[in-house]
Amino acid sequence: MAPLLKDELDIVIPTIRNLDFLEMWRPFFQPYHLIIIQDGDPSVTIKVPDGFDYEFYNRTDINRILGAKASCISYKDGACRSFGFMVSKKKYIFTIDDDCFVAKDPSGNEINALEQHIENLVTPSTPLFFNTLYDPFCDGADFVRGYPFSMREGLPTAVSHGLWLNIPDYDAPTQLVKPRERNTRYVDMVMTIPKGTLFPMCGMNLAFDRELIGPAMYYGLMGEGQPIGRYDDMWAGWCMKVVCDHLGWGVKTGLPYIWHSKASNPFSNLKKEFKGIFWQEDMIPFFQTLKLPKDCNTSQKCYIELSKQVRAKLGKIDPYFNKLADAMVTWIEAWDELNPPSGAATVAQWVEDTPYKGSDGD
C-alpha cells in the first residue's frame with residue numbers, strides 16, 4: 001500500500017545529535033520528506049543516515065533566511081522546530097523528538113505512529129458534544145444514543161496529539177519525587193478535547209494541519225537568553241487550542257504511542273521551568289478566559305490578537321511577556337514573508353488598523 005499523504009506531509013525533527021534513531025523509523029519515515037533543525041552550535045556536524053530525503057537547517061541558515069526576524073526562533077531549545085513549520089510547504093506536519101522510538105502495542109506489533117496521526121487528522125473531531133465511546137470515527141465505534149444528529153458531521157481536525165510509553169512527560173518536581181516511574185499503560189483510545197478545555201500539549205509526538213493552524217503553532221521564545229524553558233510546546237498548545245475553539249476546529253489526543261527512551265535531568269529541568277511553574281498559575285486562567293473578536297477569522301489574525309492580549313494582561317506579570325508578545329508578531333510577519341497570504345491586505349496591515357482595545361468575544 002502506498003504511504004498515506006506521501007506528498008502532503010513533512011516530518012520536522014529538532015536535534016542536537018546524530019540521527020541514528022531514524023534507523024528504527026526507516027520503514028515508516030523513509031517515503032516522506034524530513035526537515036531537520038539543528039538545535040545548538042552550527043559548527044557541530046550532524047549525521048543523517050543514508051537513504052532519507054531531507055533538508056537541513058542550522059542557526060546560520062535561520063539567520064540568513066529570516067534576517068532580523070530570526071530573533072523569534074529560539075536558540076538551544078527544542079522550540080527551534082518552529083522554523084521547520086514555517087519553511088515547510090506541505091499541508092500536514094508531523095514532529096517528533098530524537099529520543100523517541102517505535103513503540104509496540106499490547107499484541108507486540110510495531111506502531112506506525114505516523115499512519116495513526118494521519119487517520120486522526122483526516123477524520124472529523126467532535127469538540128461540541130462529548131461521545132462516550134470517544135472518537136466515533138475510529139474503527140468499531142460510532143455515535144452513541146442521545147448524540148445530536150445535527151452535530152454528527154463533526155468539525156475539521158487541526159491537531160493530533162500523541163502519547164508515549166516508558167518515560168512520562170513529567171515536570172521537574174514530579175520527576176524528582178517519581179524518578180523510576182514509567183508509563184506502561186497502553187490505552188486504545190482517541191478522543192476529541194472539548195471546546196473550552198485546555199490541555200498540556202507535548203510536542204514530542206504531534207501532528208497538525210499546517211494550512212489550518214500552522215501560523216498559531218509557534219513554540220514561543222525559550223532557551224538561551226530567555227528566563228524560561230520547557231514551556232515551548234505548552235505555550236503553543238494553549239495558544240493553538242484557543243484559536244481552534246474560536247475558528248471551529250478540533251484537537252484529538254490519545255493514539256498513537258511512541259517509546260520515549262530518555263529522561264532529561266530533573267535538576268537541569270527545574271532551572272528551566274522554575275519561573276514557568278509560578279507563571280502558569282496566571283497563564284492558564286488567562287487562556288481560559290480569553291476571547292477573540294469576531295473579525296479574527298484566520299489563524300494569523302487570531303495570533304496577532306493573542307499577542308496584544310499577552311502584552312496587555314501578562315505583561316504586568318513580567319517584562320518577558322512583552323518580549324514574547326513582540327516575538328509573536330515577528331513570527332507572523334516572518335511566516336507571511338515565507339508563506340504569502342492570499343488577499344490584498346497583509347496581516348501586518350491588519351495589525352496597524354486594529355489596535356488592541358479589549359475583546360467583544362464571540
Side-chain angles (χ1 to χ4, degrees), residues 12 14 39 72-85 93 95-97 99-100 158-164 167-175 183 193-194 196-208 213-224 226-246 251-254 258 260 263-264 266 268-290 299 302-303 306-307 309-310 313-315 317-318 320-321 323-325 327-328 331:
V12 175
D39 171 18
C72 71
I73 304 298
S74 299
Y75 182 55
K76 293 188 176 179
D77 189 275
C80 67
R81 80 183 76 212
S82 294
F83 181 75
F85 306 161
I93 294 288
T95 184
I96 187 171
D97 285 0
D99 60 352
C100 295
V159 177
S160 171
H161 178 253
L163 300 177
W164 5 260
I167 305 294
D169 186 34
Y170 285 160
D171 53 37
T174 307
Q175 281 184 297
N183 182 35
I193 300 173
T197 300
L198 297 176
F199 73 109
M201 188 177 83
C202 174
M204 73 173 80
N205 176 24
L206 183 77
F208 60 92
I213 200 64
M217 194 62 80
Y218 173 51
Y219 275 51
L221 202 56
M222 309 277 165
E224 185 170 274
Q226 310 306 329
I228 184 176
R230 284 175 55 82
Y231 273 82
D232 50 336
D233 44 5
M234 286 181 282
W235 177 263
W238 295 329
C239 292
M240 168 277 298
K241 187 57 165 60
V242 168
V243 173
C244 284
D245 287 351
H246 176 73
V251 178
K252 293 185 179 183
T253 188
I258 49 85
H260 185 208
S264 49
S268 174
N269 289 346
L270 187 59
K271 289 177 64 177
K272 297 175 183 178
E273 296 174 2
F274 183 75
K275 289 192 174 183
I277 290 171
F278 291 96
W279 288 346
Q280 71 184 13
E281 301 305 317
D282 291 297
M283 287 191 285
I284 292 172
F286 163 74
F287 283 107
Q288 286 175 324
T289 57
L290 190 150
S299 289
C302 288
Y303 208 70
L306 268 171
S307 74
Q309 296 199 34
V310 166
K313 299 178 182 178
L314 295 182
I317 298 171
D318 192 275
Y320 164 75
F321 289 100
K323 188 177 182 181
L324 177 56
M328 293 168 72
W331 160 260

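In this structure, F274 places its CZ atom where only 12 or fewer heavy-atom neighbours from other residues, nucleotides or ligands lie under 6.0 Å away.
Listed by chain and number, the residues in a ring pair (Phe, Tyr, Trp, His ring centres under 6.0 Å) with F85 are F208, Y219 (sequence neighbours excluded). Residues passing the ring pair (Phe, Tyr, Trp, His ring centres under 6.0 Å) test with W279 are Y320, F321, sequence neighbours excluded. Under the side chain to side chain donor-acceptor pair (under 3.5 Å) criterion, Y75 pairs with no residue, sequence neighbours left out. Applying the side-chain contact (heavy atoms from CB on, under 4.5 Å) rule to A327 yields the partners C72, Y218, L221; only residues at least two apart in sequence or on another chain are considered. Qualifying salt bridge (Lys or Arg N to Asp or Glu O under 4.0 Å) partners for E224, counting only residues two or more places apart in sequence or in other chains: K76. Not a single salt bridge (Lys or Arg N to Asp or Glu O under 4.0 Å) links D171 to another residue, sequence neighbours left out.
Interatomic distance, E273 CD to R230 CZ, rounded to the nearest 0.5 Å: 4.5 Å. Atoms CD and CZ, from Q280 and F286 in turn, are 15.0 Å apart once rounded to the nearest 0.5 Å. L290 contributes atom CG, which lies 13.5 Å from atom CE of M283 (distance to the nearest 0.5 angstrom). Note that SG of C302 is 7.5 Å distant from CD1 of I213, once rounded to the nearest 0.5 Å. Residue C239 holds its SG atom at 4.0 Å from OH of Y303, rounded to the nearest 0.5 Å. Atoms CG and SG, on L206 and C202 in that order, are 8.5 Å from each other to the nearest 0.5 Å.
Contact record, L198 with I284: CD1-O, 3.9 Å, taken as the closest heavy-atom pair. In terms of heavy atoms, M204 sits closest to C100 at SD-SG, 3.7 Å. When all heavy atoms of T95 and G203 are compared, the closest pair comes out as CG2-O, 3.7 Å. In terms of heavy atoms, P168 sits closest to N183 at CG-N, 4.0 Å. Residues A325 and S307 approach most closely at CB-O, 3.4 Å, considering heavy atoms. Of all heavy-atom pairs spanning G220 and S74, the tightest one is O-OG, 3.0 Å.
You'll find the side chain of V242 stays beyond 4.5 Å of the side chain of H246, heavy atoms only. For the pair V251/M240, a side-chain contact is recorded, criterion being any heavy-atom separation below 4.5 Å from C-beta on.
A donor-acceptor pair under 3.5 Å is formed between the side chain of T289 and the backbone N or O of P285. Looking at Q226, its side chain never comes within 3.5 Å of a backbone N or O of L324 through a donor-acceptor pair. Judged by distance alone, the side chain of W331 and the main-chain N or O of P215 form a donor-acceptor pair under 3.5 Å. At least one donor-acceptor pair closer than 3.5 Å links the side chain of N205 to the backbone N or O of L163. Checked by atom type and distance alone, the side chain of S82 never pairs as donor or acceptor with a backbone atom of I73 at under 3.5 Å.
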Decide side-chain contact (heavy atoms from CB on, under 4.5 Å) for D245 and T197; before the verdict, give the C-alpha distance in whole Å, the side-chain angles of both, and the deciding distance to 0.1 Å.
CA-CA 9 Å; D245 287 351; T197 300; over 6 Å; no
Take M217 and S299 through the side-chain contact (heavy atoms from CB on, under 4.5 Å) test and state the conclusion after the steps.
CA-CA 9 Å; M217 194 62 80; S299 289; over 6 Å; no
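Applying the side chain to side chain donor-acceptor pair (under 3.5 Å) test between R81 and each of D233, D232, D97, D39 identifies D97 as the sole match.
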